[in-house]
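Working notes for the structure below.
FYI, side chains are in, hydrogens and waters are out, and symmetry mates aren't considered; it's all heavy atoms of this structure. In this text the structure is predicted, and so the values were computed from the model without any measurement. Chain identifiers are assigned alphabetically (A, B, ...) following the order of the sequence lines, protein sequences preceding nucleic acid strands; residue numbering begins at 1 within each chain.
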Number of protein chains: 2
Amino acid sequence: MRKFDWQDLQHFLALAHGGSLSGAARALGVDHATVSRRIAALEAALDVKLVHRLPRSVRLTREGEALLDRAALAERGMVQLGHYLDARAGAATTEVRVSASPAVATRLVAPSLPAFHRDHPEITLTLAVTPEIAQLDRGEAELAIRLVEPTEGELLARRAGSMAFGLYGPPGYAARPGAEWSFIGYDDTYEHVTQQQWLRSVVGNRPVVFRSSDLLAQQEAAAAGLGAVSLPRFIGDADDRLVRLPQQQPHPSAPIWLVTYPDLFRAPPVAAVMAFLAGIVAEHCPRED
Amino acid sequence: MRKFDWQDLQHFLALAHGGSLSGAARALGVDHATVSRRIAALEAALDVKLVHRLPRSVRLTREGEALLDRAALAERGMVQLGHYLDARAGAATTEVRVSASPAVATRLVAPSLPAFHRDHPEITLTLAVTPEIAQLDRGEAELAIRLVEPTEGELLARRAGSMAFGLYGPPGYAARPGAEWSFIGYDDTYEHVTQQQWLRSVVGNRPVVFRSSDLLAQQEAAAAGLGAVSLPRFIGDADDRLVRLPQQQPHPSAPIWLVTYPDLFRAPPVAAVMAFLAGIVAEHCPRED
DNA sequence: TCGAATTTGCGCATATCTGCACAATAATAT
DNA sequence: ATATTATTGTGCAGATATGCGCAAATTCGA
């Protein structure tokens, strides 16, 4: 089997992840020149250009992307090992990163952050707002709030509650006949989401006047009078500018999962944050089944 | 996440696998002193004794074993990456290692090795005879012949044939009533194997006069007149000293799988060896289903 | 019982790598 | 436009790691 320097690969992954030599250098705690030299060494050893060196940034070549894909398993293993070492050393983890969608992060978690800080002033909680699900196996976060059941076997997943949805619209909508309603929905890239499929079946032939990938933007548009929108109950019910509209078809709810790694969970701060999140979810989004 | 030097881990894994500083040093292509120092560095960074330094050998501590377990995924990833790099570079792989059980290796594969060498003189084929299934993910072999379906998802597995079994005994056995037969079987550690379970149901109350973990030893014992034994057809039929005995219960057969990694298979020599093995199996152990 | 072959441990000269400082370039904000 | 900030590239001195040689210890075989 071909041998290569694992340290070079570590630098390459940091670069691919950080996006710049400087960023990778900061993450690794070394000088940017060192990262540059190790990447050059890896390229020489493999006889491939891995990155395009640009004046102000670097971009992975095709081969670089391919290498990144192939190294995914190794990186997962290294992150897992890092978690184990953390747990074994009883590392004083004081910073816990939570990954969540924008809507969940800002409307569900953020309002309770003061209470959490009061109870756990020693823990710095970071909300990593990510459009797509965070890559726990890349070490981007310690905890994640997901709306789909995690499939990765090594993960510790806890079913925390159910996110109920409702159809909301401007106050006048309740009195108007449903045939005159306009609608607001996700854009095309979210066609696969259950909620979006439900909305499409409800809309029928009526117009969809605004689309956005950002749920909060949809909310604002609805509050401005643009049309009806499907929102989580914990968001729609709290907005005085919107009223809940009657629905013919039952609105499917989404399970809420809290996921982390077993080794991470052994760290008390991570467990504390997980308990905190479970409490929030249980309060605002209790399980329905 | 805790950061650590991946190169140190590489040295540690080589040491754990090689069993000695010198062996690891040879495998890594460095001096033994370097391995020693890197292990010391890793121990210092982790603040744990990983190996007992003995005058003539090293032995992993409990923590070392634990670390080895936790690093398994990372090692798998690195091996996989190495395979990819081999395939990408079109590495001139001329040595292909095949892992197989002793019986399969010596009686099924070995007799055809001259023919293979005639057709592919450029390929050095190594038969790694391993009692248990070889650890492909540790890079111990490029190909493996297994009698159970591989569960690892990343593997490329090919169903090559079926190993049919038969009950064999010394020539005189055919004329003697079955109630007087004695039997030969695996020892206790193989109780879970399908063949052994079948044998036990056939034996009933009749005596088992010899047990061995080595199938070939069982064969020799049977040929010496000791009793009846369950053997693969390709072994039993080829032995003039044994006759096939009538069986009441149908003898279950075992599927024969050829497994490797996709990236390895892209190397022509590996593909050639796999085709060679598939041909042997198809000839001597055709599929039954 | 004795000798040969491995293996680990240690010190030293050398080779390699790293960090730092500075220059150049491009994106961004004022 | 202009200043500011952040990034990459390069040369150099110091720090670090590596390989080599030798000694000590132990196992294996004769």
Distance test, side-chain N/O of S36(B) to OP1/OP2 of dT8(C), below 4.0 Å: no
Residue L21(A), side-chain atoms from C-beta onward, closest of dG9(D), dA17(D), dT18(C): dG9(D)
Pair R241(B) + E220(B): basic N to acidic O under 4.0 Å: yes
Separation of L277(B) CG from L108(B) CG (nearest 0.5 Å): 8.5 Å
Any R53(B) side-chain N or O less than 4.0 Å from OP1/OP2 of dT7(C): no
Presence of donor-acceptor pair under 3.5 Å, side chain of R37(A) and base of dG19(C): yes
Salt bridge present between K49(A) and E43(A) (N-O < 4.0 angstrom): no
Between P of dC20(D) and NE2 of H32(B), the distance in whole Å: 10 Å
Length of the line joining Q7(A):CD and dT18(C):P, which is rounded to integer Å: 7 Å
Nearest-angstrom distance from the residue atom CZ of R59(B) to C1' of dT26(D): 15 Å
Length of the line joining L42(A):CG and dC17(C):P, which is rounded to integer Å: 14 Å
S20(B), nearest nucleotide to its side chain (from dT8(D), dT7(C), dC10(C)): dT7(C)
Between P of dC12(C) and CG of D31(B), the distance in whole Å: 17 Å
Rounded distance (Å) that lies between atom P of dA17(D) and atom CG of D5(B): 9 Å
Sugar-phosphate, base or nothing in reach of S22(A), heavy atoms under 4.0 Å: base
d(CG, L15(B); P, dG9(C)) in whole Å: 11 Å
Atom pair CG/CG of D5(A) and L42(A) - distance to nearest 0.5 Å: 8.0 Å
Side-chain heavy-atom pair V30(B), H11(B) within 4.5 angstrom cut-off: yes
dT7(C) phosphate, OP1 or OP2, under 4.0 Å from R26(B) side-chain N/O: yes
Rounded distance (Å) that lies between atom C1' of dG19(C) and atom NE2 of H11(A): 12 Å
